[in-house]
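Notes for the one structure printed next.
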Amino acid sequence: DIWKGDTAMNVLKSLGLGFIAGVIAAATVQEAISWFFVHYWTGWDAEPWSLRPMPSLLIPSLVLPWMIGNGITAGLWGALFGLLLGWKPIGMMTIRGAILGLFGPALIGAFIVVPYLAGKPSPLIEGDVGQIVPILCMSAGFGAVTAWFYGLFSWGRLP
């Protein structure tokens, strides 16, 4: 039974540490990459570290400041990453995290989140490179740093 003994504690530890790692990665690296694209890329106008109220991605009727809503969503992604990476992270955590970031938040962000927030079709469908490149970079950076922090927090291991 998964909820007995050490296994249950490892699952809870993975969820908790993954959540924390995801929140930290979103508040730092993901927003820093967004800042870079705002200042050095044509077509990206998302305000980094914004406290502008936005509908929650999880509960659309709930309006939260962007950083809080994004932090919760990133924490949930981080918790999932923690389960996928395992309680004892091994291997190249940064690369594994970047791949998870590209296949999880990037694809979901590009096909669901951005169209929902912008009220228009996905930039991938429209071929809008000004939106696609920042989404891919922020998601890969988010995944890499989440995995890096998760490895550090859960096993004291740097990548």
Side-chain angles (χ1 to χ4, degrees), residues 8-85 87 89 93-94 96-126 128-154:
M9 288 308 293
N10 290 337
V11 168
L12 293 175
K13 177 182 172 184
S14 295
L15 289 170
L17 294 177
F19 187 91
I20 293 167
V23 170
I24 293 171
T28 57
V29 173
Q30 184 177 358
E31 294 299 312
I33 293 171
S34 180
W35 178 90
F36 174 83
F37 278 107
V38 165
H39 290 86
Y40 300 105
W41 185 260
T42 303
W44 186 254
D45 59 1
E47 179 185 347
W49 295 289
S50 172
L51 295 176
R52 184 170 40 103
M54 298 287 290
S56 169
L57 299 174
L58 304 173
I59 306 168
S61 62
L62 179 63
V63 177
L64 297 170
W66 166 254
M67 284 299 295
I68 293 172
N70 188 44
I72 293 168
T73 304
L76 294 174
W77 276 113
L80 177 62
F81 286 10
L83 289 177
L84 294 174
L85 294 170
W87 72 272
M93 295 300 289
T94 306
R96 291 173 63 200
I99 291 168
L100 286 173
L102 287 171
F103 284 103
L107 292 178
I108 297 211
F111 280 112
I112 297 171
V113 176
V114 171
Y116 170 75
L117 294 175
K120 60 182 183 179
S122 168
L124 292 176
I125 293 170
E126 293 182 333
D128 185 357
V129 175
Q131 299 290 314
I132 296 170
V133 171
I135 289 169
L136 293 176
C137 290
M138 287 189 318
S139 297
F142 164 77
V145 172
T146 298
W148 188 87
F149 275 124
Y150 176 73
L152 179 65
F153 296 158
S154 64

If you define the side chain from C-beta out and look only at heavy atoms, does anything of [X] sit under 4.5 Å from [Y]?
X    : Y   : answer
F37  : P48 : no
W35  : W44 : no
L64  : I72 : yes
P105 : F81 : yes
L51  : M67 : yes

Nearest-0.5 Å distance that lies between atom [atom1] in [X] and atom [atom2] in [Y]:
X    : Y    : atom1 : atom2 : answer
I33  : I135 : CD1   : CD1   : 13.0 Å
L15  : N10  : CG    : CG    : 11.0 Å
W148 : I24  : CH2   : CD1   : 10.0 Å
W66  : R52  : CH2   : CZ    : 8.5 Å
Y150 : L83  : OH    : CG    : 7.5 Å
T146 : L85  : OG1   : CG    : 9.5 Å

On a heavy-atom basis, which atom in [X] and which in [Y] lie closest, and how many Å separate them?
X    : Y   : value
A147 : G97 : CB-CA, 3.5 Å
P53  : V63 : CB-CG1, 3.5 Å
W49  : E31 : N-OE1, 2.7 Å
G71  : V23 : O-CG2, 3.3 Å
A74  : G22 : CB-O, 3.4 Å
F149 : A21 : CB-CB, 3.7 Å

